[in-house]
Amino acid sequence: MRRGLILGRFQPYHLGHHQVLKKIAKEVDEIIIGIGSAQKSHEIENPFTAGERVLMVSSALEEIGIKHYVIPIEDIQRNSLWVAHVKSMAPPFEIAYTNNPLVIELLQEAGVKVKKSPLFKRNNYSGTEIRRRMLAGDRWEHFVPEKVVEIIQAVDGVKRLLNIAQSDQI
Ligand code: NAD
């Protein structure tokens with residue numbers, strides 16, 4: 001039994017994440033997805049709640065068809081203790097997949113095997129670019145799986161982002 005962990009904020013889950021998960025699904029028996037910064041929502045950089053992101057990731061993984069666990073993980077103040085915190089929340093895993101330099105450093109210092117995943121169309125498949133498009137009124141729907149479009153529409157996610165981006169200056 002080989003279990004792999006992937007960590008991300010998934011603000012929102014997009015087709016780059018989806019490509020990575022499809023690739024990981026060929027290498028492990030079960031996938032653990034850690035929803036990072038789980039305490040954050042209703043911010044321009046982090047508009048969606050942990051629960052909404054759980055829905056996005058779960059719906060995408062149903063399509064891939066691999067056994068998986070989606071675990072919200074709140075941030076903690078001490079980076080040096082973060083891997084122990086992640087391990088305390090997630091089922092045991094043998095390997096972690098990430099490209100985030102801080103996450104790689106912390107996992108490797110804690111003795112966890114890390115594999116980098118290739119980046120797919122990073123200019124477009126990027127949470128930053130998708131949120132920018134939502135705010136600008138540009139098309140973003142083709143950068144995320146269809147199920148994720150439905151989830152964002154159901155919670156009125158674009159309106160939320162536009163509302164929180166407003167200035168309180170009259
Ligand atoms: P993210 O959603 O930006 O990315 C998740 C993963 O997907 C990354 O490995 C990224 O490289 C990959 N990815 C993104 N776009 C891709 C594309 N187009 N093609 C292929 N792969 C792509 O999330 P993140 O910022 O890496 O998440 C790390 C989480 O860990 C954050 O929530 C952070 O707060 C948390 N963290 C917390 C602590 C702490 O609490 N002390 C410490 C370290 C990290």
Side-chain angles (χ1 to χ4, degrees), residues 3-28 31-61 63-64 66 68-91 93-134 139-145 147-149 151-152 157 161:
R3 237 179 252 121
L5 170 78
I6 174 164
L7 274 149
R9 277 171 39 241
F10 306 113
Q11 288 283 10
Y13 182 88
H14 56 62
L15 289 172
H17 298 132
H18 205 49
Q19 287 297 325
V20 173
L21 286 193
K22 280 185 186 165
K23 191 168 176 297
I24 297 174
K26 292 185 184 142
E27 298 179 11
V28 297
I31 299 184
I32 306 161
I33 303 94
I35 307 283
S37 306
Q39 81 284 6
K40 294 193 176 171
S41 73
H42 295 78
E43 297 173 354
I44 294 174
E45 302 289 310
N46 298 285
F48 303 108
T49 67
E52 289 160 356
R53 290 178 277 154
V54 166
L55 275 183
M56 293 177 198
V57 173
S58 306
S59 65
L61 276 153
E63 183 206 306
I64 295 175
I66 182 168
H68 58 271
Y69 310 86
V70 188
I71 317 276
I73 300 176
E74 294 192 2
D75 293 333
I76 59 168
Q77 291 295 331
R78 288 193 209 189
N79 281 338
S80 59
L81 298 181
W82 182 68
V83 176
H85 170 62
V86 171
K87 283 184 172 174
S88 77
M89 301 298 290
F93 53 90
E94 288 70 46
I95 186 163
Y97 294 84
T98 179
N99 296 309
N100 180 315
L102 172 62
V103 174
I104 292 172
E105 178 63 24
L106 295 178
L107 287 166
Q108 286 182 337
E109 280 185 17
V112 176
K113 188 172 176 201
V114 176
K115 196 164 171 185
K116 285 194 190 178
S117 38
L119 289 169
F120 299 97
K121 298 188 187 169
R122 185 57 168 154
N123 288 347
N124 292 330
Y125 296 168
S126 133
T128 306
E129 172 62 11
I130 292 166
R131 294 189 304 274
R132 187 198 66 73
R133 283 171 170 261
M134 286 174 166
R139 272 190 73 222
W140 54 273
E141 292 88 342
H142 53 307
F143 292 162
V144 306
K147 284 271 165 56
V148 172
V149 176
I151 292 162
I152 291 173
L161 197 52

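Counting convention: from 1, in listed order, for ligands and their atoms alike. Basis for what follows: all heavy atoms, side chains included, without hydrogens, waters or symmetry-related copies.
Atom 22 (C) of ligand 1 has its closest protein heavy atom at Leu119 CD2, 3.7 Å. Scanning the protein heavy atoms around atom 32 (O) of ligand 1, the nearest turns out to be Ser37 OG, 2.7 Å. Among protein heavy atoms, atom 14 (C) of ligand 1 sits closest to Arg122 NH1, 3.2 Å. Summary of contacts: the protein heavy atom closest to atom 40 (O) of ligand 1 is Ile76 N, 2.8 Å. Taking atom 25 (O) of ligand 1 as the reference point, the nearest protein heavy-atom neighbour is Asn100 ND2, 3.4 Å. Protein heavy atom closest to atom 42 (C) of ligand 1, with residue, atom name and distance, is Asn79 OD1, 3.3 Å. The protein heavy-atom contact nearest to atom 7 (O) of ligand 1 is His17 CD2, 3.4 Å. Looking from atom 29 (C) of ligand 1 to the surrounding protein, the closest heavy atom is Gly36 CA, 4.3 Å.
Between the side chain of Ser37 and the main chain of Lys40, no donor-acceptor pair closer than 3.5 Å is present. Side chain of Arg133 to backbone of Glu141: no donor-acceptor contact under 3.5 angstrom is found.
Residues Phe120 and Leu15 have side chains not in contact (no heavy-atom distance under 4.5 Å, counting atoms from C-beta outward). Counting heavy atoms from C-beta outward, Gln39 and Asp75 have side chains that approach closer than 4.5 Å. Side-chain contact between Leu21 and Tyr13 is present, with heavy atoms from C-beta onward closer than 4.5 Å. Ile64 places a side-chain heavy atom less than 4.5 Å from the side chain of His18.
Only the side chain of His14 comes within 4.0 Å of ligand 1, counting heavy atoms alone; its backbone N, CA, C and O stay farther away. At a 4.0 Å heavy-atom cut-off, ligand 1 touches Leu106 through the side chain alone. Contact annotation for Val103 and ligand 1: only side-chain heavy atoms (C-beta onward) come within less than 4.0 Å of the ligand.
For the ligand labelled ligand 1, residue Pro118 lies inside the 4.0 Å heavy-atom shell.
For the residues Phe120, Trp82, Tyr13, the heavy atom positioned nearest atom 44 (C) of ligand 1 is part of Trp82. Closest heavy-atom approach to atom 6 (C) of ligand 1 among the candidates Thr98, Leu7, Ile33, Asn99: Leu7.
Checked against Tyr97 for a side-chain hydrogen bond (donor to acceptor under 3.5 Å, both in side chains), the options Lys116, Lys23, Lys115, Glu27 give a single hit: Glu27. Val114 pairs with exactly one of Val103, Ile95, Asn99, Ile104 by the side-chain contact (heavy atoms from CB on, under 4.5 Å) rule, that one being Ile104.
Atoms CZ and OG, on Arg53 and Ser41 in that order, are 7.5 Å from each other to the nearest 0.5 Å. The CD1 atom of Ile73 lies 6.5 Å from the CG atom of Leu5; values are rounded to the nearest 0.5 Å.
For ligand 1 and Val20, the ligand atoms under 4.0 Å from any heavy atom of the residue are 20 (C), 21 (N). Listed by number with element, the atoms of ligand 1 under 4.0 angstrom from any heavy atom of Leu102 are 43 (C).
Within a 4.0 Å radius of atom 19 (N) of ligand 1, the protein contributes at least one heavy atom.
Looking at ligand 1, you'll find an N or O of Arg9 within less than 3.5 Å of one of its N or O atoms.
One finds a salt bridge joining Glu45 and Arg131 here, because a Lys/Arg side-chain nitrogen approaches an Asp/Glu carboxylate oxygen to under 4.0 Å.
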